Amino acid sequence: MLDIKLLRDDIDRIKIELEKRGYSLDVKKFKLLDSDRKLLQVKVEDFQSQRKKLSEEFGKLKSSGDDTTNLKVRIDEINNDLKKASNELDKILESLNIFLLDIPNIPHSTCPEGVDETDNIVIKKYGSVNSERKEDHLSITNEIDTDMATKIAGPRFAVLKGDMAKLQRALISLMLDIAIKNGYQEYYVPFMANKDSLTGVGQLPKFEEDLFKTTDGLYLIPTAEVPLTNIFRGTTINHNDLPIKVTAHTPCFRSEAGSYGRDTKGLIRQHQFEKIELMQVCHPNQSMDDLEGLLNNAKEILDLLELPYQVIELCSGDLGFSSCKTYDIEVWMPGQNKYREISSCSNFSDFQARRSNIKFKDENNKKMLAHTINGSGLALGRTLIALIENNYDSDKKLISIPKALQKYFDKDYINI
RNA sequence: GGAGAGUUGGCUGAGUGGUCGAAAGCGCCUCCCUGCUAAGGAGGUAACUGGGUAACUGGUUCGAGGGUUCGAAUCCCUCACUCUCCGCCA
């Protein structure tokens with residue numbers, strides 16, 4: 001959520017900023033809503049003030065045994081007017097809130113301008129692509145079974161067997177250990193979250209169709225960002241403790257509404273996938289530097305896994321709803337002959353903090369909104385694909401396991 | 001699942017219809033005294049928010065929401081959460 005004061009004081013600039021990410025701010029509507037709000041609020045508070053005074057008087061009359069009927073008539077009138085006005089005010093406030101919740105974050109000044117993903121900028125490529133290898137993970141191993149998953153659950157699920165299941169488990173351990181080494185505290189969190197938590201990170205109310213909702217009103221988390229960020233909802237942190245770094249391994253559940261027909265084969269796009277999430281609460285002055293640090297934490301995993309990848313910076317038009325700046329890490333996938341997203345590292349500035357009421361006390365003991373940043377470190381399913389496809393030697397019929405992972409996997413290759 | 005107790009300011013905790021945004025204590029801040037330290041004394045100290053260039057001034061908030069009443073921290077209803085005991089389980 002944006003600061004309503006920004007809209008009041010500087011709406012023309014905000015409109016231009018939001019234009020960059022393809023959001024058209026209805027300036028007229030806001031001005032109308034807010035001026036109505038102002039009028040009504042002053043009116044309501046005036047009525048309240050009058051009632052307060054008269055009620056006090058009423059009490060005095062009553063206790064001295066005087067007649068109160070005249071006064072009661074006046075109070076009743078005021079109460080009537082008050083009720084009308086405050087009902088109107090409630091409606092305006094509700095509309096205003098809906099209006100605000102719908103507005104995405106403002107792109108950061110360093111965010112490159114652009115319309116869609118074709119305008120994203122490749123920052124740097126790492127490692128070298130082996131063009132010999134182009135086989136798809138599903139054709140390499142039969143230990144990833146989507147047919148079985150379809151029987152058990154439906155499309156867009158997968159069953160991992162034997163070495164594949166173990167490989168994923170090894171990756172989880174490696175990634176968590178690296179995160180801990182980098183100063184993140186490990187958490188185990190609920191895989192379901194309530195409405196407030198999802199509204200706090202910006203997932204609701206706008207993107208409900210992307211989520212799975214349970215019969216009693218909870219949602220399956222689409223990312224550990226939800227529980228991790230909400231650890232801090234409604235709390236105030238001492239500035240000395242910033243940044244706070246947390247991590248968790250969780251499954252993620254996404255309905256993938258609107259992606260019918262896209263990436264239907266294999267592990268690429270699933271209703272359920274595993275992910276290690278890195279999340280930080282930062283000082284506003286530090287959050288951009290901290291984002292670079294978080295990006296490095298994610299890159300470190302890919303370096304350790306010896307996988308070729310590139311870092312891209314999303315242009316303003318491709319930015320997620322809550323983000324003001326995002327780097328994507330894309331890993332080389334031989335089966336698709338292209339780079340695919342394996343981590344997305346974003347700075348949300350105070351956007352989530354305002355929705356979630358995450359504050360910190362600064363040097364002068366003043367409470368201010370903190371900044372939140374997060375990114376994957378990494379998405380497990382896609383890491384698995386990259387590892388299988390990049391490391392598969394079709395002559396020797398084996399998948400080699402990178403050195404850093406061997407102590408977690410116990411073997412240095414998988415026989416096919 | 002059954003029974004009971006609770007939820008008040010930074011903290012502890014009083015408050016059963018108006019004089020209560022709220023006693024007292026702790027903590028914190030300012031000042032005084034004291035040649036260190038310890039102790040003592042005086043005063044101050046909730047958050048959010050509206051209007052106003054400002055001085056200033058208004059409103060809301062005692063777990064959440066609704067109700068009764070001229071008036072609610074206080075009475076009634078619903079819900080959430082916490083704790084204790086019993087039962088059941090991983």
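By convention in this document, chain letters (A, B, ...) are assigned in the order of the sequence lines, proteins followed by strands, and residues within each chain are numbered from 1. Since we're looking at a predicted model, the values are computed, not measured.
Comparing B/C86 with B/U19, their C1' atoms are spaced 48 Å from each other, to the whole Å. Comparing B/G65 with B/C70, their P atoms sit 23 Å apart, to the nearest whole Å. Of the C1' atoms belonging to B/G66 and B/A80, the separation is 15 Å, rounded to the nearest Å. To the nearest whole angstrom, the two P atoms, one in B/U69 and one in B/U7, are 27 Å apart. A distance of about 14 Å separates the P atoms of B/C79 and B/A3, rounded to the whole Å. Taking atom C1' on both B/A46 and B/C36, the two are 37 Å apart, rounded to the nearest angstrom. Rounded to whole Å, the separation between the P atoms of B/U60 and B/A22 comes to 14 Å. Rounded to whole Å, the P atom of B/G4 lies 30 Å from the corresponding atom of B/G18.
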task = Give the B/S/- string for nucleotides 52-58 of chain B, one per nucleotide from 5' to 3', where a protein heavy atom under 4.0 Å of the base yields B, of only the sugar-phosphate yields S, and otherwise -.
result = S-----B
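Not counting sequence neighbours, the partners of A/Y126 by the ring-ring contact (aromatic ring centres under 6.0 Å, His included) test are A/Y309. Partners of A/Y188 according to the ring-ring contact (aromatic ring centres under 6.0 Å, His included) rule, which considers only residues two or more places apart in sequence or in another chain, are A/F191. Contacts of A/R254 classified as salt bridge (charged side-chain N to carboxylate O under 4.0 Å, His left out), with partners at least two apart in sequence or in another chain: none. Remark: A/H108 pairs with no residue by the ring-ring contact (aromatic ring centres under 6.0 Å, His included) rule, at least two apart or across chains. Under the salt bridge (charged side-chain N to carboxylate O under 4.0 Å, His left out) criterion, A/E56 pairs with no residue at all, not counting sequence neighbours. Every residue meeting the ring-ring contact (aromatic ring centres under 6.0 Å, His included) condition with A/F351, not counting sequence neighbours, appears here in chain and number order: A/F321.
Place A/K72 and A/K62 on RNA chain B by their nearest nucleotides, and A/K62 ends up nearer the 5' end. Ranked by how close their nearest RNA chain B nucleotide is to the 5' end, A/D34 and A/Q50 are led by A/D34.
In this structure, the CG atom of A/D36 is 14 Å from the P atom of B/G51, given to the nearest Å. Put simply, CG on A/D196 is 13 Å from C1' on B/C81, counting in whole angstrom units. Nucleotide B/U49 holds its P atom 21 Å from the CD1 atom of A/I92, rounded to whole Å.
Within the structure, the salt bridge (charged side-chain N to carboxylate O under 4.0 Å, His left out) test picks out the following pairs touching residues 60-74 of chain A (sequence neighbours left out): A/K72-A/D76.
Using a 4.0 Å heavy-atom distance criterion, A/R37 is classed as a sugar-phosphate-only contact.
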Identify all side-chain donor-acceptor contacts of residues 243-252 of chain A below 3.5 Å with residues at least two apart in sequence or on another chain.
unit_1	atom_1	unit_2	atom_2	d
A/K245	NZ	A/N182	O	3.2
A/T247	OG1	A/E277	O	2.8
A/H249	NE2	A/E274	OE1	2.5

Distance-only criterion, 3.5 Å: show the donor-acceptor pairs between side-chain atoms of residues 171-181 of chain A and protein atoms not counting sequence neighbours.
unit_1	atom_1	unit_2	atom_2	d
A/S173	OG	A/R169	O	3.4
A/D177	OD2	A/Y408	OH	2.6
A/K181	NZ	A/E300	OE2	2.4

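The 12-atom threshold is not exceeded at OH of A/Y413, counting heavy atoms of other residues, nucleotides or ligands nearer than 6.0 Å. Atom NZ of A/K15 has more than 12 neighbouring heavy atoms from other residues, nucleotides or ligands inside a 6.0 Å radius.
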Could you list, one pair per line, each protein nitrogen or oxygen that sits under 3.5 Å from a nitrogen or oxygen of nucleotides 60-63 of chain B, together with the distance?
none

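In this structure, A/K5 does not pair ionically with A/D9, as no charged nitrogen and carboxylate oxygen lie closer than 4.0 Å.
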note = Pairing string of RNA chain B (Watson-Crick or G-U wobble, both atom distances under 3.5 Å; | = paired to other strand) is ((((((((.[[[..)..(.....]]]((((((.......))))))((((((....)))))).[[[[[..)....]]]]])))))))....
